[in-house]
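Heads up, the thing below is written out as C-alpha cells.
We use all heavy atoms of the structure for the numbers below, so side chains are in, but hydrogens, waters and symmetry mates are not.
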Amino acid sequence: QVQLVDSGGGLVQAGGSLRLSCAPSGRTFSSYVMGWFRRAPGKEREFVAAISRGGSSTSYTDSVKGRFTISRDNAENTVYLQMSSLRPEDTADYYCAATVRSYIPRGELSYDYWGQGTQVTVSS
C-alpha cells in the first residue's frame with residue numbers, strides 16, 4: 001500500500017508560480033510512474049502531467065505544455081509539479097497519483113494510488 005501526501009497549493013495571482021510536491025510513503029517510490037491530475041470546480045478530474053519511473057520521460061496535457069514541469073527525485077522520494085505563468089483557468093484541486101504500470105498512462109483509472117489533493121487558486 002502506498003500513501004501519497006501532496007502539498008504546496010495556495011493562492012497566487014495570474015502569471016505567478018507555485019510548486020507542488022508529493023511524497024509517497026514506502027521504499028519503492030522508483031517503481032511507480034507518477035502523475036498529477038486536477039479537478040476544477042464543476043468539472044471532471046483531468047490529467048495534467050506524468051513522469052516515468054526513472055524520470056527520463058514525461059507527458060503533459062496540451063494546456064500546460066511550456067508552463068508546467070513535472071520532475072522527480074527518487075533519492076528524496078518526491079515528485080514535483082512546477083507551475084509557472086499560472087492562469088485563472090488553472091484553478092483546481094490538484095492530485096498526485098501513482099501507478100505500477102510500466103508506461104505513462106493519462107487515464108485516471110490506470111492509477112492505483114492517490115493523494116488527498118491540494119488546492120490551487122489563481123486570481124485574475
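- Summarising the geometry of F47 relative to P105, their closest heavy-atom pair is CE1-O, 3.8 Å, with the distance given to 0.1 Å.
- For the pair Y80 and I70, the minimum side-chain heavy-atom distance is 4.5 Å or more.
- Salt bridge present: R101 and D112 bring a charged side-chain N and a carboxylate O closer than 4.0 Å.
- Proximity of R38 to L81: side-chain heavy atoms (C-beta onward) are nowhere separated by under 4.5 Å.
- A distance of 9.5 Å separates CE in M34 from OG1 in T78, rounded to the nearest 0.5 Å.
- A donor-acceptor pair is defined here as one N or O able to donate and one able to accept, closer than 3.5 Å; no such pair exists between the side chain of R53 and the backbone of S30.
- With values rounded to the nearest 0.5 angstrom, T121 atom OG1 is found 8.0 Å from D93 atom CG.
- Remark: the backbone N or O of Q3 is paired with a side-chain donor or acceptor of S25 at under 3.5 angstrom.
- The closest side-chain heavy-atom distance from R72 to F29 is below 4.5 Å.
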Going through the checks in order, is the salt bridge (charged side-chain N to carboxylate O under 4.0 Å, His left out) test met by K65 and D62?
CA-CA 5 Å; K65 284 180 181 177; D62 286 347; 3.1 Å; yes
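- A 4.5 Å side-chain heavy-atom check between F68 and W36 finds every atom pair outside the cut-off.
- Remark: side-chain polar atoms of T99 are paired, donor with acceptor, to backbone N or O of S110 under 3.5 angstrom.
- Residues F37 and Y94 are members of separate hydrophobic clusters, defined by side-chain heavy-atom contacts under 4.5 angstrom among Ile, Leu, Val, Met, Phe, Trp and Tyr.
- Shortest non-hydrogen contact noted between P88 and A14 is CD-CB, 4.1 Å.
- Taking the side chain as every heavy atom from C-beta outward, E89 and S63 never approach each other to under 4.5 Å.
- When side chains are defined from C-beta on, M83 counts as touching V120, because their heavy atoms get closer than 4.5 Å.
- With values rounded to the nearest 0.5 angstrom, Y111 atom OH is found 9.0 Å from R106 atom CZ.
- Under the 4.5 Å side-chain heavy-atom criterion for ILVMFWY residues, no single connected hydrophobic cluster contains both L86 and L11.
- Side-chain heavy atoms closer than 4.5 Å link hydrophobic residues (I, L, V, M, F, W, Y) into clusters, and following such links, possibly through other members, connects V79 to V100.
- A continuous path of ILVMFWY side-chain contacts below 4.5 Å connects V48 to L4, so both sit in one hydrophobic cluster.
- By the rule that hydrophobic residues join a cluster once side-chain heavy atoms approach within less than 4.5 Å of another member, I104 and W114 end up as members of one cluster.
- With rounding to the nearest 0.5 Å, the separation of OG in S84 from CG in L18 is 9.0 Å.
- Within the model, atoms CD of Q116 and OH of Y95 stand 9.0 Å from one another, a figure rounded to the nearest 0.5 Å.
- Of the possible donor and acceptor atoms, one in the side chain of D6 sits under 3.5 Å from a partner among the backbone N and O of G117.
- The shortest non-hydrogen separation linking V2 to P24 is CG1-CB, 4.0 Å.
- With hydrogens and angles ignored, the 3.5 Å screen pairs a side-chain donor or acceptor of T91 with a backbone N or O of V122.
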